[in-house]
Student: 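Submitted below is the structure of interest, expressed as structure tokens.
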Protein chains: 2
Amino acid sequence: MAESPDIDILARGELFRGVPVEVLRELHAASFRRKFPAGETVFQQEDAVTTFYIVVVGRLRVTQTTLDGQQIIIRYLGPGDVVGYAALTGAPAHPGAVTAVDDCHLIGMPAPMLRDIMSRNSRIAMNAVALMGERYQDLQLRLRELATEKVERRIAHTLLRLSQQAGRRTARGIEIAFPLSRQDLAEMTGTTLHTVSRTLSGWEARGLVDSGRRRVIIAKPEALAEVAEEV
Amino acid sequence: MAESPDIDILARGELFRGVPVEVLRELHAASFRRKFPAGETVFQQEDAVTTFYIVVVGRLRVTQTTLDGQQIIIRYLGPGDVVGYAALTGAPAHPGAVTAVDDCHLIGMPAPMLRDIMSRNSRIAMNAVALMGERYQDLQLRLRELATEKVERRIAHTLLRLSQQAGRRTARGIEIAFPLSRQDLAEMTGTTLHTVSRTLSGWEARGLVDSGRRRVIIAKPEALAEVAEEV
DNA sequence: CACCGTCTTTGCGCCAACGCAATTAACCAG
DNA sequence: CTGGTTAATTGCGTTGGCGCAAAGACGGTG
């Protein structure tokens with residue numbers, strides 16, 4: 001089915017799995033490629049929903065900001081992920097902002113076009129429901145962690161989850177394969193960069209992790225998992 | 001379109017909005033009514049997904065429990081709401097438990113039947129995507145609150161939100177129209193019943209609320225909103 | 001290579017919220 | 001009306017994590 005590399009990418013993503021080739025061709029015809037260098041913003045919170053993207057390469061960060069400037073990281077996106085789920089649900093505005101943390105390649109297409117094709121192809125719509133369900137469950141889990149666990153466990157859980165979705169085996173352990181600062185971890189776990197720094201320092205001393213400037217390597221994943229689970 | 005009260009109820013719910021009558025008839029033919037007295041469980045966390053419900057009357061609580069027995073309340077459901085969204089997404093097991101807090105009437109139908117009809121009616125699938133998107137946004141908001149706000153503000157926000165979805169005007173203010181204990185509020189805001197109790201006592205003294213055993217009346221909604229927003 | 005901005009570390013004081021415990025209040029069943 | 005059960009209140013001691021501040025490390029840039 002290798003008529004075009006982009007069609008292959010679409011076909012492999014969760015959203016367009018099992019969709020007939022002619023529909024993929026139609027999608028592809030309306031799509032374009034776009035690069036976002038590290039640090040660039042794909043869209044801001046409250047922006048009108050105009051375009052829909054799928055990640056080809058790179059990592060992006062989804063954030064939400066309060067009126068008084070406090071920010072939290074909702075999730076990270078990687079290859080194959082949907083960027084801007086509001087285009088799926090039909091919401092008029094983006095509930096969060098998306099920023100490239102790496103150099104990224106995205107496939108984009110106009111949001112109304114996607115909605116139209118989706119309404120004529122229930123397979124895509126069914127995939128979209130499943131996708132939203134998974135994301136919903138992720139948030140449920142994080143909400144529970146935030147509500148019931150102490151900071152150290154939350155950070156441990158977060159690192160383990162990141163290693164699942166963006167871990168790279170290295171000689172020194174599993175490396176989180178994108179720039180990740182103390183501040184970022186703080187915004188993911190509902191704490192401050194100071195507490196994150198202290199926590200990592202402690203783990204570093206015990207040989208659990210090996211971290212540096214915007215870089216975290218999990219040296220002993222099993223030991224970290226123990227920290228995450230201990231009562 | 002009043003051929004049957006149940007068809008009317010379905011047609012008014014978010015999920016089946018705009019769906020042709022003959023499809024509603026098909027759904028109705030496969031559906032049944034079921035009562036759940038207050039306190040009864042509709043399904044447990046991890047239960048297999050077999051049945052799908054829509055609330056007709058009553059309130060239900062969706063909870064998630066950790067291995068070590070800690071519980072949080074994900075949300076409350078009321079008339080028109082979907083019970084067990086896993087039946088929509090196709091997940092094999094329920095990610096949370098649902099319990100009636102009132103005496104409830106639900107309309108139920110087999111989950112595979114719903115999935116089948118949905119896959120043949122993209123309008124239902126599109127509605128489902130929109131519905132999941134709304135729920136996702138709700139969780140995003142709560143996550144942000146939990147991560148960035150102090151307890152008092154979280155409780156205030158939670159009460160205001162509950163008054164939106166289940167508030168009843170009374171002489172003394174807006175009453176949350178279902179039994180709601182301090183423990184319940186604690187499980188919604190990620191704190192302890194003690195802290196909730198102290199907070200409500202404080203508000204009570206200032207005349208903001210008027211609460212009692214499993215009962216909360218918001219006497220001054222504007223003043224409570226101020227508490228929720230103040231820095 | 002030296003500079004500068006960004007990120008990280010660490011010390012210290014403080015306070016919001018927790019945890020425990022004991023008392024009181026409300027509701028229900030018989 | 002009474003006894004029993006469940007919910008709510010409140011006092012008290014403790015502490016995890018915050019907030020502030022200052023110093024140190026890293027890495028990119030001219």
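On a predicted model such as this, the values are computed, not experimentally measured, just so you know. Below, each value reflects all heavy atoms present in this structure, side chains not excepted, and no hydrogens, waters or symmetry copies. Here is how names work: the chains are called A, B, and so on, in the same order as the sequence lines, proteins then strands, and each is numbered from 1.
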Student: For B:Glu145, run the salt bridge (Lys or Arg N to Asp or Glu O under 4.0 Å) check against B:Lys150, B:Arg154, B:Arg161 and tell me which one passes.
Tutor: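 Only one option passes, and that is B:Arg161.
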Student: So what is the end-to-end bend of the helix from C:dC1-D:dG30 to C:dG30-D:dC1, with 5 pairs used at each end and the value given to 10 degrees?
Tutor: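 End-to-end axis angle: 50°.
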Student: Are A:Ile9 and A:Ile107 close enough that some pair of their side-chain heavy atoms sits under 4.5 Å apart?
Tutor: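 A:Ile9 reaches A:Ile107 side chain to side chain.
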Student: On a heavy-atom basis, which atom in A:Ala228 and which in A:His157 lie closest, and how many Å separate them?
Tutor: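 Heavy atoms of A:Ala228 and A:His157 come nearest at O-CE1, 3.3 Å.
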Student: Could you tell me which non-hydrogen atom of B:Thr41 sits nearest to which non-hydrogen atom of B:Phe43, and how far apart they are?
Tutor: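 Nearest heavy atoms, B:Thr41 then B:Phe43: CG2-O, 3.4 Å.
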Student: Could you check whether any side-chain heavy atom of B:Glu187 comes within less than 4.5 Å of a side-chain heavy atom of B:Gln183, counting everything from C-beta outward?
Tutor: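 Side-chain contact under 4.5 Å: yes.
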Student: Contact list please: residues 194-202 of chain A against DNA chain C, heavy atoms, distance less than 4.0 Å, in numerical order.
Tutor: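 Contacting residues: A:His194, A:Ser197, A:Arg198, A:Ser201.
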Student: Pick the closest DNA chain D nucleotide for A:Glu149 and for A:Arg215 by heavy atoms, then say which residue is nearer the 5' end.
Tutor: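 Whichever sits nearer the 5' end wins; that is A:Glu149.
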Student: Would you say CZ of A:Arg169 has more than 12 non-hydrogen atoms from neighbouring residues, nucleotides or ligands within 6.0 angstrom?
Tutor: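 No - once you tally the heavy atoms of other residues, nucleotides and ligands closer than 6.0 Å, there are 12 at most.
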Student: Ignoring hydrogens and angles, tell me if any N or O in the side chain of B:Arg142 forms a donor-acceptor pair with the backbone of B:Met188 under 3.5 Å.
Tutor: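 Side chain of B:Arg142 to backbone of B:Met188, a donor-acceptor pair under 3.5 Å: yes, one is there.
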Student: Where does the chain B footprint on DNA chain C start and end, counting 5' to 3' with a 4.0 Å heavy-atom cut-off?
Tutor: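 Span of nucleotides near chain B: C:dA16 to C:dC27.
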Student: Between A:Thr191 and A:Arg213, name the one whose nearest nucleotide on DNA chain D is closer to the 5' end.
Tutor: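 That would be A:Thr191.
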Student: Quick one, which residues of residues 177-189 of chain A touch DNA chain C with a heavy atom under 4.0 Å?
Tutor: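 Going residue by residue through residues 177-189 of chain A, the ones with a heavy atom under 4.0 Å of DNA chain C turn out to be A:Ser181, A:Arg182.
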Student: Which residue pairs pass the side chain to side chain donor-acceptor pair (under 3.5 Å) test with at least one member in residues 80-97 of chain A, sequence neighbours excluded?
Tutor: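 Residue pairs passing side chain to side chain donor-acceptor pair (under 3.5 Å), neighbours aside: none found.
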Student: What is the distance from atom OG of A:Ser31 to atom CG of A:Leu106, rounded to the nearest 0.5 Å?
Tutor: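 That separation rounds to 12.0 Å.
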Student: Taking side chain as C-beta onward, heavy atoms only, is B:Phe36 less than 4.5 Å from B:Val55?
Tutor: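 Not in contact.
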Student: Just checking, any donor-acceptor pair under 3.5 angstrom between side chains of A:Ser211 and A:Glu204?
Tutor: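 A:Ser211 vs A:Glu204: donor-acceptor pair found between side chains.
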Student: Counting N and O atoms only, with roles assigned by atom type, does the side chain of A:Asp103 sit under 3.5 Å from a partner on the main chain of A:Ala38, one being a donor and the other an acceptor?
Tutor: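 Judged by distance alone, yes, a pair lies under 3.5 Å.
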Student: Assign each of A:Lys150 and A:Glu204 to its nearest nucleotide of DNA chain C by heavy atoms, then name whichever residue's nucleotide is nearer the 5' end.
Tutor: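 Mapping each residue to its closest nucleotide by heavy atoms, the 5'-most match is A:Glu204.
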Student: So do the side chains of A:Phe178 and A:Arg214 get within less than 4.5 Å of each other, counting heavy atoms only?
Tutor: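 They are not in contact (no side-chain heavy atoms under 4.5 Å apart), so the answer is no.
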Student: My understanding is that only one of A:Leu60, A:Leu139, A:Val62 makes a side-chain contact (heavy atoms from CB on, under 4.5 Å) with A:Arg75; could you say which?
Tutor: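 When A:Leu60, A:Leu139, A:Val62 are each tested with A:Arg75, the side-chain contact (heavy atoms from CB on, under 4.5 Å) holds only for A:Val62.
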Student: Is A:Arg172 salt-bridged to A:Asp210, cutoff N-O under 4.0 Å?
Tutor: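 Between A:Asp210 and A:Arg172 there is a salt bridge, with a charged N closer than 4.0 Å to a carboxylate O.
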Student: Under a criterion of less than 4.0 angstrom to any heavy atom of chain B, what are the 5'-terminal and 3'-terminal contacting nucleotides of DNA chain D?
Tutor: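 The footprint of chain B covers D:dT6 to D:dC12.
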